[in-house]
Every structure is written in structure tokens, then in C-alpha cells.
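For reference, the structure is listed below as C-alpha cells.
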Amino acid sequence: MSRYVAAEIEAKWQNAWAGAESFKAVRDESKPKYYVLEMFPYPSGKLHMGHVRNYTMGDVVARYKISTGHNVLHPMGFDAFGMPAENAAMASGGHPKDWTYSNIDTMVDQMKPLGLSLDWSRMFATCDPEYYGQQQALFLDMLDSDLVYRKNAVVNWDPVDMTVLANEQVENGRGWRSGALVERRELTQWFFKISDMSEELLSALDTLENWPAKVRLMQENWIGKSRGLQFSFERTDGAEPITVYTTRPDTLMGASFVGISPDHPIAKALEADNPEVADFIAECRKGGTTEEAIETGEKLGLDTGIRVKHPLNPDWELPVWIANFILMDYGTGAIFACPAHDQRDLDFCRKYDLPVVDTFLALDDPKPVENEAFVPPKTEKVKWLNHFAGLDVATGEEAIAATIGKAESEGWGTGVTKYRLRDWGLSRQRYWGCPIPVVHCEKCGVVPEKKENLPIELPYDEGGKPIDFSVPGNPLDRHPTWRDCACPSCGAPAQRETDTMDTFVDSSWYFARFTAPRATTPTDMAEAEYWMNVDQYIGGIEHAILHLLYSRFFARAMHITGHLPAKSKEPFDALFTQGMVTHAIFQTTGDNGRPVYHYPADVEDRDGKTVLKTTGEAVEVIPSAKMSKSKNNVVDPVDIITSYGADTARWFVLSDSPPERDVEWTASGAEAAYKHLNRVWNLCDKIGAMDPDAKGQGDEDLLREMHKAIRDVTLGVESFGFNASIAKLYAFTNVLAKSKAGAAAQKQAIMTLAQLMSPMTPHLAEDIWAHQGGEGLIINAPWPVADEAMLVEANVTLPIQINGKRRGEISVPADMTKEEVEKLVLAHEAVTRALDGAQPKKLIVVPGRIVNVVI
RNA sequence: GCCCGCGUGGUGGAAUGGUAGACACAGGGGACUUAAAAUCCCUAGGCCGAGAGGCCGUGCCGGUUCGAGUCCGGCCGCGGGUACCA
């Protein structure tokens with residue numbers, strides 16, 4: 001008997017696929033195409049189990065589609081710009097470029113043994129000048145089409161390191177290196193006009209039927225369409241009125257104050273000559289720029305002394321406050337506060353002793369607001385107090401509509417639609433990104449670079465010496481020569497833009513580039529026309545909003561600029577979001593009270609308790625934590641492949657959890673997967689050794705089970721139920737192992753089993769196929785089809801419930817009529833006993849499923 | 001804070017509103033073996049019962065339904081996102 005040696009067969013079949021160019025994607029109009037794409041990785045330098053799971057899922061889809069006659073495009077690349085490369089250079093010297101390319105080499109070496117059906121000839125990294133040069137060309141076309149512009153925007157500023165910080169570099173309001181309190185600072189930056197497409201990006205979500213509903217919902221909320229009223233408050237000092245936008249104009253009679261953003265023009269004007277306001281605004285500028293920091297931070301306000309008139313009652317004056325939670329980016333940067341029906345406004349008013357006026361009360365419990373704002377759903381009827389549009393009992397929705405109508409007819413306000421979605425700021429004050437291809441000329445201003453000068457490459461050195469990344473800030477900004485250039489327009493000495501692009505730009509069009517990765521234009525329309533759209537996109541739920549929304553915007557922009565066909569405005573036909581790979585954390589408490597994390601290899605179970613191998617100290621086990629280097633709970637796929645083989649790793653990451661959920665990596669689970677593959681191997685060996693003419697019993701039973709397996713496994717693969725497919729494969733393997741059927745039936749069964757396993761464990765499948773004398777490669781064999789006639793069941797088991805509780809069962813022919821079933825049920829012993837001569841109140845027969853007797 | 005998910009045996013999980021716990025791991029028992037490993041067989045939610053069987057049970061509280069893990073409302077806990085992490 002032979003032994004299952006994964007390393008041997010895996011290398012053998014990977015060579016066979018390479019030799020046959022099985023995965024090289026070539027445009028072929030005679031075949032239906034299928035483009036499957038997994039979100040490409042950041043080259044961190046180490047492949048982790050999450051990658052293995054992600055790519056294995058894509059591989060299952062790709063191989064299945066090849067078997068069903070599709071011309072498959074399954075490419076891979078690297079999202080290679082970004083901060084970790086610069087951080088590494090800062091921490092340990094070296095160059096971001098060297099670090100990145102060396103990591104890419106390592107990761108490719110780690111990925112290849114997985115046996116993925118990738119067309120490696122299409123590989124690229126976004127930091128290849130060949131790629132980012134085309135991205136610069138795209139940028140110029142977008143500039144030309146008025147999709148890009150410049151404006152001021154705030155960044156996190158570290159006043160000690162004198163550098164811009166990313167949000168993740170701000171820890172509790174302080175810079176991660178300097179520890180200095182971070183400030184908000186304004187810079188002139190580049191923006192994509194994504195907000196112009198708000199309505200289009202929102203309404204097109206309805207067409208994305210094969211996207212998870214939760215992703216569409218998240219994007220809908222993110223775009224945040226709202227209908228409200230825009231109107232102005234007259235100032236008592238006669239100065240320019242203050243325009244506000246509100247989604248709850250119905251609560252205008254409960255207005256307590258008018259609030260403006262610290263970045264509002266009025267606030268800025270006061271800042272210049274009022275030291276108290278200047279101090280307050282300086283205070284507001286402390287802290288980070290994130291929505292979370294602003295929303296959870298302490299709410300601060302300052303009375304400006306300005307007074308405005310209530311639009312419905314000129315005798316009613318309201319104070320104008322500057323409040324740190326009002327965003328200049330949303331609406332008009334000014335609001336009116338109605339504390340009775342907004343918790344944040346209420347907290348603010350209680351803190352600063354401002355009035356709280358109820359505008360409506362609950363019908364069932366009409367008591368005034370104290371310290372909890374009354375915020376019922378807008379669809380709930382409430383009792384209005386003194387409503388200016390004459391309402392008494394009405395819902396919020398009705399009141400809003402009536403208010404907008406009244407304001408418009410009286411001419412003091414306008415109903416407007418607004419979106420929460422802001423324009424996409426793409427400027428980054430960093431080195432390791434795609435340079436923005438524009439030039440600043442004293443005479444001509446901002447001038448686009450000429451396309452023939454692209455790519456504008458990043459400089460590797462500065463003045464013949466390696467760039468010093470230990471100095472904070474942007475090396476491009478202080479580079480002695482790189483900035484200097486001739487103005488593309490007038491030829492005078494000018495300076496390059498030193499901002500680089502947000503790395504989300506890189507990942508917003510790579511899927512299009514894969515269709516023609518070496519083209520000398522961003523895309524090749526003939527190739528894009530054939531290969532687009534991505535039929536199945538697979539990646540993490542963490543990208544539900546930004547990456548996917550930006551890609552949807554970019555696809556539209558690329559259509560406008562002539563780089564993608566109209567059909568690609570929505571580039572991803574189907575989306576699947578997979579869960580993470582998790583692993584238990586083993587922790588003890590150190591002398592200083594801080595947790596100490598232990599590697600899985602350093603702990604063991606003794607008498608049902610988890611302890612340290614060395615000392616026997618009890619270890620706390622935290623299950624299902626995201627794998628993280630700092631928690632010492634990372635399992636290296638390379639180790640798994642070395643000990644068990646790629647097929648085992650692939651089988652395991654698919655087997656235990658539904659793909660959309662997290663999967664817990666356990667050593668015993670991997671061991672079990674390996675054992676099972678051995679079992680299949682041995683089964684193949686045993687069947688191969690049978691006398692080909694040997695007869696047996698139960699041929700038909702075996703083949704019926706085989707056809708059921710074909711049906712169930714296929715359904716699982718098509719619906720991303722890989723764990724269900726694998727459960728069925730386990731069950732069918734058990735049936736086959738116990739079968740006494742003849743040699744011919746068993747051989748047919750094992751070959752079909754190999755085919756059904758081939759998307760998950762392709763190497764083992766090829767080997768079984770070859771061993772059983774299958775023709776050619778299994779990857780080229782057509783997918784098996786279930787024979788409907790073999791799937792029909794003659795009898796069904798119907799559980800009998802009495803008042804919803806299972807009390808017995810009957811077995812009946814599948815086609816038995818309802819009436820006959822009822823008769824049998826009423827005669828059933830459990831039913832007669834429960835009825836005790838009485839008539840049932842109700843008898844429910846669900847054909848083929850269940851019977852319920854209500855007594 | 002806000003938006004979106006998730007929560008089922010000792011463990012990972014299965015279950016178009018229709019027999020809760022498929023399939024697997026760990027466990028227990030057994031076969032084979034001088035022994036061990038490997039392999040194979042049986043068992044297995046909890047409680048009560050000799051058994052037949054009964055009661056309880058899908059994070060918590062309530063609702064809809066002949067019937068709820070599944071649908072609805074309210075909580076609790078965990079995870080993702082929150083526009084410069086990718």
C-alpha cells in the first residue's frame with residue numbers, strides 16, 4: 001500500500017498545470033468568460049491564514065468555473081504602497097522600495113505552494129512605475145474631465161515632529177512617536193468629486209443584487225441621503241444672516257440656540273479679533289480628525305454674543321454658540337438645536353443652562369423632557385404642542401413634510417436634499433505612494449504634467465545618498481533636486497507637487513488593469529470589453545464601505561474618461577465578504593500586572609486545564625481572537641504546508657465555518673483534515689487494487705448516494721456554502737468506505753469523489769484521477785452532473801407534532817395525498833392517546849415536511 | 001457616539017418559519033497490537049428514569065404564529081467600519 005506524501009504529489013501536479021498552462025487567461029470569444037478576483041494583499045512580508053482562506057475560496061470558484069466550461073481569469077497582485085514600508089524604514093533603516101519588493105518575493109514564494117489557479121503572468125504591484133504611471137495618466141484624464149479639484153482640508157498635525165499623522169498614528173489624541181497633543185491643521189489638498197455622484201452611487205445600489213444586503217445598507221447609510229429644510233436666521237446686528245440646514249424643521253418651535261462649527265466663516269472672523277473666541281477655537285482644534293473622536297469627545301460650546309431672530313417670531317431672540325461637534329463639511333456648518341428631541345443637544349443645553357422646550361409629547365405618556373430626549377421613530381404618531389403648521393396629532397414624517405411645504409409657500413425656507421458623503425481627499429504628505437503628476441509654476445499656477453513625461457517616478461536617493469527616513473515628514477518635500485522641473489506650460493523653472501496619492505486610489509482600478517496588465521494605456525478597451533466585469537469578487541467585510549465605494553466611483557470615472565465600457569460602471573457583479581481566521585490567545589498575568597501572551601506550542605492540556613508546558617502555570621484561554629503578531633496567536637501557513645501539505649490547509653480553512661464567518665484555527669482541526677485526506681487516499685488505493693470485474697452488493701445505493709453528493713456539493717460551491725459541501729464530502733466518503741458494491745461502481749464513486757473534491761484539494765484529486773486511469777488532467781474534466789432520476793426518494797418520514805411538540809413519526813410514500821396522511825396521523829398511537837376520543841382543533845399537514853395536531 | 005453584523009452542546013458549527021445539534025474536533029467505551037502509534041467500531045446537549053419515556057434547552061426579556069435558532073420590539077455581550085491602517 002502506498003503512502004500519502006503531500007509534498008511529492010503537490011509539486012508534481014503544480015508542475016503539470018504549469019506545463020499545460022492550465023491557468024493562463026487568453027481572450028477567446030468562443031467561450032463564456034469568468035473573472036474571479038480576491039482582494040489583493042498588502043505585502044506585509046508574511047502570508048497568514050486569512051490570505052490562505054481568501055485565496056482558497058477564490059480558487060474553489062475558479063476551478064469549478066473551469067470545470068463547467070468557462071474561460072477563467074484569476075489574477076493576483078500586490079497593493080504595495082502604504083505606510084508600513086515607511087514605518088519599517090524609520091524603525092530599522094533600509095528603503096521602502098527594497099522592503100516592499102523583498103516582501104513581495106517572499107509572499108509569492110509562500111503563495112505558490114498553495115497550488116492556486118492563478119495566472120501569474122499578469123501579476124503586478126501597485127508600486128511598479130509601469131502601474132502607477134498609468135494611474136498618473138488616469139489622474140490627468142480625470143483632471144481634464146473636471147473630476148478632480150483642490151481645496152482646504154484638515155489633517156492631524158503633530159506639533160513636535162512637525163508632521164502629518166494618519167488617524168491610526170493618533171493614540172488618545174497624541175502623536176504615537178512624540179506623544180505630543182495632536183492638532184487639527186488646514187492644508188490645501190487634492191479631491192475627487194465623488195459627492196457629485198452621490199445620487200448615482202446610491203440608486204445604483206439597487207442593481208447590485210448579488211452583493212450582500214448588509215454591504216449595500218452600509219453604503220446607503222454612508223452616502224446618507226437626507227431631505228430637510230434650509231433657511232436663514234436674521235442677525236439682530238444686521239450682519240449677513242446665518243444659513244442652517246435641518247432634517248427636523250418640524251421642531252423649530254423647540255429651538256434653543258443656533259450652533260456653528262468652529263470652522264464656520266463667522267467663527268473664523270471672530271477668531272481674528274476676539275481672544276476669547278480664539279482661545280476656544282484653539283481648544284476645539286485639539287484632538288484628532290476622526291468622526292469617532294469628535295462624536296465621543298466632550299461637547300464644548302462658547303456663546304459668541306451674536307443674537308438671531310426666530311424666523312416665525314421676530315421678537316424671539318436666540319443666542320449663537322460655537323460648538324465643537326458641528327462639522328463644517330456637512331450641511332451648511334450651522335444648525336439650530338432642539339434639545340427636547342436630540343440627546344446631544346439636550347446634554348449640551350443642560351451643561352450650559354440653555355432652555356429646553358418640548359414641541360411634541362408621546363400620546364400614551366405625555367410628560368415633558370427632563371434628562372432624556374424624546375426621540376420616537378419618525379413614523380410614530382405624537383401630540384404636537386403649538387405647531388406652526390397647525391398640526392395636532394401626526395407623525396414626524398408628516399410634520400416634516402408639512403413644515404417644508406409651509407416654509408416654501410411663505411418663502412422663508414427651501415426644501416433641499418443633502419448627502420453625508422464627502423469628496424474624497426486623495427493627498428497624502430508621504431513618500432511611499434503614487435506622485436500626483438502636477439507642477440506648481442509661479443506664473444502659470446497649477447499645471448498638469450505632460451503625459452509623455454509619465455511616469456513621474458519616485459526618487460530612490462537624495463543627492464547620491466539614501467533618503468533618510470528617520471527624519472519625520474515627507475522626503476519628497478525636502479528632496480534637494482526631485483522637486484525641480486520645468487513648467488510643462490511655459491518652460492520656466494517650477495516645482496513638482498510633493499503630495500502622493502491615497503493608497504485607496506491604487507486599489508480602485510487594479511481590477512481593470514488585470515484585464516491588460518502590460519498595456520501602454522491604463523486599459524485596453526478590447527480586453528476590458530471581454531473580461532470585465534469581475535463576475536465574483538471576494539474579500540473582507542472591512543472593505544464594505546471605502547474600498548468598494550471608491551472603486552464604484554473610479555469605474556464611473558474611467559468610463560467618463562474612456563478607459564472602461566459603460567457596462568463596467570458597476571465593476572463587481574457579485575461580491576462575497578468572508579470572515580477572518582482567528583485563533584485562541586493563551587495569556588497569563590506578568591509581575592507588572594500586564595498580560596503575557598504565549599505561543600500555542602508552549603501550552604498543553606493537563607487534566608482538562610490549559611497550562612504552560614514549562615512551569616505548569618494555569619493559562620487563560622481567550623477563544624476566537626483575530627490573529628495578531630503582538631498576541632502571539634499567529635499560525636504560519638508555511639508551517640502547516642510543510643507538515644501536512646497545501647491540500648490539508650485548503651481543506652481545513654474551508655471546512656469548519658461558513659465562509660462569511662470567522663474561522664477558528666485549531667491544531668486538532670488541521671490534524672483531522674490531514675487524517676481525512678489520508679483516508680481518501682487509502683480508499684483510492686484499496687479500490688484501485690480491486691479485481692475490475694468483482695461484483696458486490698448495493699451498487700445502486702452507492703450510486704444514489706453519489707448523485708446526491710454531486711447535487712449537494714455543487715449547490716454548496718455555487719452558493720458559497722463550502723463548509724456544507726465539505727460536510728457532504730465527509731458523509732459520502734464514509735458511505736463509500738463502508739460500501740460492499742462492485743469494483744465498477746466503487747471506481748465510478750471514487751473518481752466522482754475526486755472531481756467533487758478537486759476545487760478544494762486539487763493535488764490529491766489529480767492524483768486519484770490519474771491512479772484510477774482518468775483521461776487527461778482532472779482540471780480539464782467536465783464537472784459531474786447529478787442524474788435527477790437517481791435523486792427521487794420513494795418514501796418520506798413525516799414527524800408528527802402534537803401542539804408543536806414532536807411526539808412520533810410516520811413513513812409514507814412521497815406522493816401520498818393529504819387526506820390519506822391525515823387518516824394515518826389520526827390513527828397514530830401517540831395521537832389517539834393524546835386526543836382520548838376528542839376531535840383535534842386543527843390538523844396541519846405540510847406535504848413532505850411535517851404534521852401538527854392541535855388539541 | 002453613530003452605522004453594519006454576530007451570539008446554538010465541552011469545541012468549530014448544521015438547520016427554504018416545520019424532527020434543534022447534520023458534519024467534524026476533543027471526550028468516554030471497545031477491537032486490533034507483547035506494547036504504543038496508526039486504523040477501525042460503538043457512544044455522546046442537560047436533568048429525571050432500570051427502561052419505555054418525560055421535562056428543560058439556540059445570550060436575556062417580551063411579542064407574532066398551529067409551529068420561532070429563524071420573523072418583530074427592547075436589552076446585554078463580542079466583532080467590523082467610522083472618510084490619512086489596508
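In this structure, A:N723 reaches the sugar-phosphate backbone alone: every heavy-atom distance under 4.0 Å involves primed, P, OP1 or OP2 atoms, never a base. In this structure, A:R216 reaches neither bases nor backbone, as no heavy-atom distance under 4.0 Å exists between it and the strands shown. Across all strands, A:T296 comes closer than 4.0 Å to base atoms (heavy-atom distances). Looking at heavy-atom distances under 4.0 Å, A:V155 makes contact with a base. Contacts of A:S655 with the nucleic acid, taken as non-hydrogen atoms under 4.0 Å apart, are absent. Here A:L217 lies in heavy-atom contact (under 4.0 Å) with sugar-phosphate atoms only. In this structure, A:G224 reaches neither bases nor backbone, as no heavy-atom distance under 4.0 Å exists between it and the strands shown. Nucleic acid contact class of A:K738 (heavy atoms, under 4.0 Å, all strands): sugar-phosphate only. Counting any heavy atom pair closer than 4.0 Å across all strands shown, A:H543 reaches a base atom. Among the atoms of the strands shown, base atoms are found under 4.0 Å from some heavy atom of A:V846. Across all strands shown, A:F504 has heavy atoms under 4.0 Å from base atoms, whether or not it also approaches the sugar-phosphate. Looking at heavy-atom distances under 4.0 Å, A:V164 makes contact with a base. Among the atoms of the strands shown, only primed sugar atoms or phosphate atoms (P, OP1, OP2) are found under 4.0 Å from some heavy atom of A:K675.
In this structure, of B:rA83, B:rG54, B:rA24, it is B:rA83 that holds the atom nearest to the side chain of A:L421. Residue A:K842 places its side chain closer to B:rC66 than to any other of B:rC25, B:rC66, B:rA14. Of the candidates B:rG18, B:rA86, B:rC85, the closest approach to any side-chain atom of A:R849 belongs to B:rG18. Which of B:rA83, B:rC4, B:rA14 sits closest to the side chain of A:K214 comes down to B:rC4. With B:rC40, B:rG1, B:rC41 as the choices, the nucleotide that has an atom nearest any side-chain atom of A:E292 turns out to be B:rG1. Distances were taken from every side-chain heavy atom of A:E291 (C-beta onward) to each of B:rC66, B:rA83, B:rC85; the shortest belongs to B:rA83. In the set B:rA14, B:rG18, B:rA86, the nucleotide with an atom closest to the side chain of A:D79 is B:rA86.
At a threshold of 4.0 Å, the pair A:E291-A:R420 counts as salt-bridged, since one of the basic side-chain nitrogens sits closer than that to a carboxylate oxygen. The pair A:E186-A:K151 does not meet the salt-bridge criterion, since no charged nitrogen lies less than 4.0 angstrom from a carboxylate oxygen. The residues A:R177 and A:E171 are annotated as not salt-bridged, no charged nitrogen and carboxylate oxygen being separated by less than 4.0 angstrom. Between A:K193 and A:D423 there is no salt bridge, since no side-chain nitrogen of the basic residue lies less than 4.0 Å from a carboxylate oxygen of the acidic one. Ion pairing of A:K818 with A:E822 is absent here, as no side-chain N (NZ or NE/NH1/NH2) approaches a carboxylate O to less than 4.0 Å. Using a cutoff of 4.0 Å between basic side-chain nitrogens and carboxylate oxygens, A:E220 and A:K225 are not scored as salt-bridged.
With A:D345 contributing its side chain and A:H341 its backbone, the two residues share no donor-acceptor pair below 3.5 Å. One N or O on the side chain of A:N852 and one on the backbone of A:G804 form a donor-acceptor pair closer than 3.5 Å.
For the C1' atoms, the distance linking B:rA26 with B:rU43 amounts to 14 Å, nearest Å. Nucleotides B:rG79 and B:rG12 are separated by 16 Å at their P atoms, to the nearest Å. Of the C1' atoms belonging to B:rU16 and B:rG62, the separation is 27 Å, rounded to the nearest Å. Rounded to the nearest Å, the gap between the P atom of B:rG57 and that of B:rC47 is 15 Å. When the P atom is compared between B:rA24 and B:rC41, the two are found 11 Å apart, to the nearest whole Å. A distance of about 34 Å separates the C1' atoms of B:rU19 and B:rC4, rounded to the whole Å. Using P as the reference atom, B:rA20 and B:rC72 are 22 Å apart when rounded to the nearest Å. Comparing the P positions of B:rC42 and B:rC25 gives an interatomic distance of 14 Å, to the nearest angstrom.
Between A:E295 and A:N678, the residue anchored closer to the 5' end of RNA chain B is A:E295, taking for each the nucleotide with the nearest heavy atom. Nearest-nucleotide assignment on RNA chain B puts the 5′-proximal partner with A:R806, out of A:R833 and A:R806.
A:I326 places its CD1 atom 18 Å from the P atom of B:rC2, with the value rounded to the nearest Å. Between A:W424 atom CH2 and B:rA86 atom P the separation is 12 Å, expressed in whole Å. Taking atom OH on A:Y644 and atom P on B:rC25, their separation rounds to 13 Å, with Å as the unit. A:E671 has its CD atom 13 Å from the P atom of B:rA37, to the nearest Å. Computed from coordinates, the A:E298 CD to B:rG1 P distance equals 16 Å when rounded to whole Å. Following rounding to the nearest Å, A:I800 (CD1) and B:rC66 (C1') show an atom-to-atom distance of 15 Å.
Phosphate contact (OP1/OP2 of B:rC56, side-chain N/O of A:K805, threshold under 4.0 Å): present. Residue A:R679 places at least one side-chain N or O closer than 4.0 Å to OP1 or OP2 of B:rC40.
With a glycosidic angle no more than 90° from 0, B:rG9 adopts the syn conformation.
Applying the 3.5 Å distance criterion, the base of B:rC66 shares a donor-acceptor pair with the side chain of A:N852. For B:rG1, the base has no donor-acceptor partner in the side chain of A:Q343 [N/O atoms by modelled type, under 3.5 angstrom].
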